[in-house]
Amino acid sequence: MTLVWLVVVPFVAGAAAWVADRWSHAWPRWIALAGIGIDLAIAVTLWFGTSGAALVPGAGPWLAEIDVRWIDALGIHLHFAIDGLSLLLVLLTGLLGVLAVAASWTEIQDRVGAFHFQLLWILSGLIGVFTAMDLFLFYFFWEMMLVPMFFLIGIWGHERRIYAATKFFLFTQVSGLLMLIAIVALYIVHGRATGTYTFDVTALAGTPMSSTMSWWLMLGFFGAFAVKLPMVPLHTWLPDAHTEAPTAGSVVLASLLLKTGAYGMLRFVLPLFRDAAASFAPVAIVLGVIGVVYGAALAFGQTDLKRLVAYTSVSHMGFVLIGIFAGTTIALQGAILQILCHGLSTGALFILAGAMQERLHTREMGRMGGLWADAPRMGGMTLFFALASMGLPGLGNFIAEFLVLAGTYRVSPIATIVASTGLIVSTVYALWLVQAAFQGPRHGTARLRDLGVREMATMAVLVAALVWIGLYPQSVVDTASPAIARITSAPRVASRAP
Amino acid sequence: MVPIFYVSAAVAFLATALAISRANVVHGLLDLIVSLLAVAVMFLTLGAPFLAALEVIIYAGAIMVLFVFVMMLLNLGPQTVEQERRWLPPRAWITPFVLAAVLLVEVVVVLGGVDGPALAGEAIDPRQLGTVLFGRYAIGVELASMLLLAGVVGAAHLGRREGGA
Amino acid sequence: MLGLLWLVPAVPFAGALVLILAGARLRRTGVAVVGAGSVGVSAIIAALIAIRFVTLPPAEGFFTQRLWTWIRVGGFAPEIALRLDALSLVMVLVVTGVGFLIHLYSTAFMEGDDGYSRFFAYMNLFVGMMLVLLLADDLLLLYLGWEGVGLCSYLLIGFWYRDPVNANAGRKAFIVTRVGDTAMAVGLFLLVTRLGTLDIQGLMQRAVDQWAIGSPLAVAVAALLLAGAVGKSAQLPLQTWLPDAMAGPTPVSALIHAATMVTAGVYLIARTHVLFTLAPSVQLAVAIIGAATLLLAGCSALTQHDIKRVLAYSTISQIGYMFLALGVGAWSAAIFHFMTHAFFKALLFLAAGVVIARMDDEHDMFKMGGLRHDLPVAFWTFLAGAASLAALPLVTAGFYSKDLILVETWSSVLGGPWLWIAGLVGAFLTSIYAFRMVFLTFFGTLQKPPTGRSGWRLHVPLIILAILAVVGGFVELPATLGDRPYFSDFLHAALPAVVNDAARAGAIARLQIVAGLVSIAGIYVAWALFLRHRSLLARLTRPRPARQLHHFWAAGWGFDWLYNVVLVQPFLWFVDVDRRDAIDRVYDGIAWSARAGWRALSATETGRVRTYATGLTLGAIVITAIVIFL
Amino acid sequence: MAAVPMTHVLMVAAAIFGLGLVGVLVRRNIIFVLMSIEVMLNAAGLAFVAAGARWQQADGQVMFLFILAMAAAEVAVGLTLVLQIHRRFGTVDADAMSRLRG
Amino acid sequence: MTASTLSAIGPLVALAVAVLVVMIALAIHRSRGLTFALTLAGLAAAAVTLRHAPMAPAIDAVPLVVFDAAARFYTGLILAATAAIAVLAFGDAEWQGERPEEIDLLLLLAALGSVVLVAAVHFVALFLGLEILSVSLYALIAYPRTHAASLEAGVKYLVLAAGSAAFLLFGMALVYAETGTMAFAGLTMMPSVADATVALAGVGLIVVGIGFKLALVPFHLWTPDVYEGAPAPVAAFIATVSKGAVLALLVRYAAIIDVRSRPSLFMTFAVLAVASMIAGNVLALLQDNVKRLLAYSSIAHLGYLIVAFLASGALASTAIAFYLSAYFVTMIGAFGVVTVLSQERGAGTGSLDEYRGLALRRPWIATVFAAMLLSLAGIPLTAGFVGKLYVTVAAGGAALWTLLVVMMLTSGLGLFYYLRVIVAMFMQPTDSAVATLAAIRVPVAAGLTLAALAVALVWLGVYPEPFIQVIRATVGGG
């Protein structure tokens, strides 16, 4: 039941926040905070409660599971289950959910209830995505969270919000629809072969099918996830969406929504289509490498602070893609760590960018500069997260990128080397970001308010998390390793039958 | 009977062609009536005397008269003929004609593909027709009544004078 | 006692943390106490550990302190572990000792600055990172320190962030070194993949076991690590960042860009010397890079006007010596030179800092002169440093270390006359530019009297360092001058001795004499050109080729220009051209065609019933056609 | 009675149908358009009669009766509409009624 | 006619009686309330007869219509939809400046025609049902006869419907000429492929007539004009009941002629489906009138349904029934919103400008409309989502991959215009001209209907299982 609560609590809290808006603008904020806070607490309890034996490979696949019939006519179940991988992402969702609510505390003054309603629905959808073990259920949540995201960007976003929201929606939806075909095709192929029509992921994992079929289906899944990830050249929705979204939207997009793409690849593409994925891996790795370098280069070219950070996501998620398709245990661990750390560091950067926009009413870096004097805390935090995002050792992102690249080297030294140049370019943009905003002569005369207690608390959590992962990532690694073991030992079934 | 069929077919065709190409509505209506009469003759040759009668009475008689009534109500002046000419420059005919010709050719190709059986031409008398109509097709008749009812209700509503609530 | 090893880096870290968190609330004294004190405490602990280490050496010759396993995944398990052996001990002592002196100096030097606590936070962080680098038992942890010091270098170069020049210089430093770092990271990937570990000792063991001498993998690894070292130590071709790094406060230049961080490359190569031994071609490259760098930088140093830039090029050049030593297998000679260099170069920077501060932030030596009376402490200490830098025979530490390098370059099987000649020419250049500084700054006519005054906190470090710059060389007396190689002996527990070519081993005394003469000759030339006969200098530099050469050297041999044209501009061009992301145009195209489709189809909705009937007819035609043809 | 091939009847019907179609496609006067539709319906009726004659069934003729009923209803409503349109638009030009489009 | 015969066509009888009763009531006493109540009663009575009519005995007795399980399901759907539309139309007592009473009468007649269609097993029934429906619709579309737009729409619909009926009739004649029977069952005797050209051409022409009613491309051109010109509830009726009835008929008809075994027919429908999906979605892209937009949307949706139709089989039947139901709920809901809002400024042009900032003026209506649009777009939590899944499963099961890919890509395109409306409602400021208008009054009945539709929408989207079971029990397996 725990899992059901995970999904339901934010959902209900969101609705409650909406209703509560009638009485006060403060209520929705507190309700939302409580809603997602409860989720975080549940996830943390789950984590502590199940550390040790249950995380050891072979101790049964799930930490918690619930499986109820839903649409029987099509063999669809409400099948939620959680393993280490899911748990980590749920934790991330809970944490960043809390921070996203906190980050919007003063930014959002218009339709507060509706805002939190949308925000919590997204989070609920995300948790659903991360815990659904029925492909249809997964798809249900996958699509469901787009709508509130669309509203979040479209209503509370910045100047070009409608363009951005629409673009985001179209990209993700179209790719999602193609995935739906793949899901249904898999369902049918499996049903034909075994007589059991089911969307259950574990059952579908061993579906015998021709390698051509497997290849196509893999592409269907891959496409949807690659758009979310996002992979170059499917990334162009991202800079717009991230830039135009309100702070919470950017945070959720960058830190969580992108992760669903990576999660999907780990959870579905690799286990379901092992051989096809393996033969596709070189392409994916090359695209990942291109993403790393291209994203970093474009990030440097941006003058809009949020846009810059958005492009860094393209670059960083390129590492995730590389790590996933390199397929070695080290690389996969790296990819998972990168998922988490990118979530933390980029989330923080977006919160900071939001804070700056709230104060300066601009995101143009050309109109910033010299802010350090007024806002050293803000500067320090920006510096910290910029450094994290360029992979400074001692912080989580370094471990992640190091593991990805070290794990990929075995598979493709060339790709590793080219991707490594991304590290250089990331230095370029990270330092440029700091310099443009905080160094140099001061523009304008208005004094900038430095980060307040609420904001510093937010930042402190993220700093602590990144340092922790940077210096002692073992707890995370151990949590994820059973899931990775399952991925690397997935059965090779393709090209067996028709 | 066979020659009569072909003659009336030719008449029907020509009259219809005239009907649709006239500038004057009343002339067109008259041509159309000729055409309908020719079709009635064809019905006779095909063994449907009752239908031939109905064609004359209802189609040529009632329905066409309805048209004439409306013409009178509208009281279209002589300038309308001029207007019709302007509306119908020769090139306006090209596309429709080509389209219809293509379709016709297609249908002819389809029909030409098979050797149609000769029609015995034995007449079906009104009694037979009535038996079938009110027997197997009784529900159809009822439905036709509903169809006419719909037409009546619709025409009654639409035809009311302005503001006649 | 050795168990306290972790405190050595931890204390500066703690200092940094305190300053970051509470720096704004502390008074200046408090900041100074925390900032300098933490490094001092660290130095004391290091000294105590050193005493314990020397008096009661551990059985295996090193001491390892495992703190925790960093990460364990797929057979790869780097540890957070510290390792103390002779090599790291020497380095740690120098870093903490010199570091403390510079901190002490800074407490006065930075007195009036807004970012007082920020400065010490960065400095402490730097010391901590440097110590991690030195003490790391694992290449990954070393890499952490490696990047960490790079970060602090960046932060401190751009410390006065208001001026974009400073920020740019910091950025340049970080990016250029990061190029090398990235290559090094690739080397680490290779090591992880091939040898399965980054634990330095294990790595060396496995490398020896698995790789033959000259095997491609060993060459690749060594080359990649060399790239890292080259970047960090500002050697060819990645030396361009260091002169610009002088934009930082002078104590920073002293600590980071002279004494400690820039020599990390030397340390790395020494640390992983086994790999380099397995890759003779790379080791030769080390030597050649060193030789070339020391010459190029020496020439550039000759032409600078900015006293700090002279020192910067000098640093590049002196590290070139260390590389030369490493390249010929004279491991301990390199470390020896590192140590003496740390003393005299830190001293030179600090003394120059005093001069600059007292001259109202004037960097141009040609606008100074005759300061020896007004700034006696600075003058005498600077003189000691310059003499040491110029390797004035017998009485300076620089002489002993540089001499050792030259001798071993000659005699090593990996060295030879050519490298030796390069070193010798370099020594000549060194003594010219060293005394060029002295003469231009402190002799001649007083151009502008200094202002303000300097306190004891500035002078004490200068004096201590001056003493060290003079006597520091006596820990290693060559065979011809007493033969007391304490330093080498101590280091041999960690680093092998140089392998000498028997045919060239006998000429030590003659070499030393030549070197000594060259040094003195250099001083003479400097005296002649820059003090006595300035007109001669003017005549020399008047011809166009000479001026061009002068300009070329002054601009650092055009490397900046080259990189700008070859790398920076193309990158900027690409970034500028693709600012709006060309890939997005594809989707714009799709959107455009959808709109075009909409327009085209909307045109069919004419509102005319005839058009609509035409549609009906067309449909009928198509369907009938399908029936006919299928 | 001598026999007319059914195919011929159908072809005649098709030809008349085609003329009606041309009328619909060409004429702007709504009255003509309605007339043309009558032609088409009539042609279809002719085809039904022919088909019924082939099978010697009354069904084809029954169908014609229904077509007749439909044509009547159609014309009734259609002509009322024409009246209303003439009242509103002052014209019987079908093209005048193209305000709804795009 | 025996009692059993009558009870076998119970719904028809009930509706016909209702028509007569309403007419008589009108003659005696004109009262909007009365006619409305009688209409609802008539629809309810029809529903009751549906439930109680015997299934088996009367089938042979009445060769034109058969109320088998599938027909019952669709009849139920039509009755429910008609009732909902009647309620929506009831909103305004002075119906757009007209005497409103005949609306109910005509709606009943149209429903009657639709019910005939879904139960038709014979060309005569098909034809008559279609024409009853058409003729009622002519009057309904042009009902506000003082409005130029309505008249224009009415005459367009009339001309084209009559023209397409002529094609349909000619096609039937060809089929009849070839097979000798007008019962659908006789179509199984259609000659084998080689000799079937005439009959197939006949079927092809019948498809023209059906395609017109379904508004498949290229027979779709009238749709936006008529939707725009017609009163919103009537447009809803055309978009849902009229199309649904014809589609149900098509399914029955196709089951007999087995479209999949006839390449030419399969190709015909495939071309129509692809053309409809593409053109419908593309045409709607930048449409600035909500009614026209819904028209184009409905074109696209019929394209999707044809994909499911081409899949054939029990699963496809279920998919069509479910999708159609979801589509009914959604379209009626959407037009319900349009109806409610059209009172804001008289006739209500349906221009997108009227919808800008709606979320701030009427948050609930905007939310309901957004939900309807999202359902049309096939987004989770709505009925449209499950419907889309079902269609996908059906089409996938029949390996119609190309069509599926077209469907997904075009529906992706379609998202854009649904979003445009949502954007207008939620993310743009209210048009100043609209803002000055007095607040609209939502009639209680219409409001309740909208609420019920919204609930149904979500219910079908979240827990469709019971409804699917109903469909499987009636429309048949799969």
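Chain naming here is simple, since letters A, B, ... match the order of the sequence lines and numbering starts at 1 in each.
- Only the side chain of A/Arg161 comes within contact range of chain E, judged by heavy atoms closer than 4.5 Å.
- A distance-only check finds no donor-acceptor pair linking the side chain of A/Trp70 to the backbone of E/Pro464 [under 3.5 Å].
- Within the 4.5 Å cutoff, no side-chain heavy atoms of A/Val174 are placed close to those of E/Met408.
- Neither the backbone nor the side chain of E/Thr382 comes within contact range of chain A; no heavy atom of the residue lies under 4.5 Å from a heavy atom of that chain.
- Comparing E/Leu404, E/Val386, E/Ile379 by how many heavy-atom pairs each has under 4.5 Å with chain A, the most go to E/Ile379.
- Looking at A/Ile162, only its side chain comes within 4.5 Å of chain E, counting heavy atoms on both sides.
- Outside the 6.0 Å centre-distance limit, the rings of A/Phe150 and E/Phe426 are not counted as a close aromatic pair.
- The CD atom of E/Gln428 lies 11.5 Å from the CD1 atom of A/Ile155; values are rounded to the nearest 0.5 Å.
- In this structure, chain E has heavy atoms under 4.5 Å from both the backbone and the side chain of A/Phe151.
- In this structure, the side chains of A/Phe140 and E/Leu381 come closer than 4.5 Å at one or more pairs of heavy atoms.
- Using a 4.5 Å heavy-atom cutoff, the side chains of A/Trp216 and E/Trp401 are not in contact.
- Side-chain contact check for E/Leu389 versus A/Val184: some heavy-atom pair is nearer than 4.5 Å.
- Between the CG atom of A/Leu177 and the CE atom of E/Met407 there is a distance of 8.5 Å, given to the nearest 0.5 Å.
- In this structure, OH in E/Tyr390 is found 8.5 Å from CD1 in A/Ile71, a value given to the nearest 0.5 Å.
- Only the side chain of A/Leu74 comes within less than 4.5 Å of a heavy atom of chain E; its backbone N, CA, C and O stay farther away.
- Of the atoms belonging to E/Phe385, it is side-chain heavy atoms, and not backbone ones, that fall under 4.5 Å from chain A.
- Note that CG of A/Leu170 and CG of E/Leu419 are 6.0 Å apart. Values are rounded to the nearest 0.5 Å.
- Using a distance-only test at 3.5 Å, with no hydrogens or angles considered, no donor-acceptor pair links the side chain of A/Arg111 to the main chain of E/Leu360.
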query: When you look at A/Ile76 and E/Glu465, which way does the side-chain contact (heavy atoms from CB on, under 4.5 Å) test go after all the steps?
result: CA-CA 10 Å; A/Ile76 297 168; E/Glu465 181 63 19; over 6 Å; no
task: Go through the steps to decide whether E/Tyr418 and A/Phe169 satisfy the test ring-ring contact (aromatic ring centres under 6.0 Å, His included), and finish with yes or no.
output: CA-CA 11 Å; E/Tyr418 298 123; A/Phe169 202 86; over 10 Å; no
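- When the candidates E/Gly396, E/Gly461, E/Gly378, E/Pro466 are compared by the number of heavy-atom contacts under 4.5 Å with chain A, E/Gly396 comes out ahead.
- Both the backbone and the side chain of E/Leu415 have a heavy atom closer than 4.5 Å to some heavy atom of chain A.
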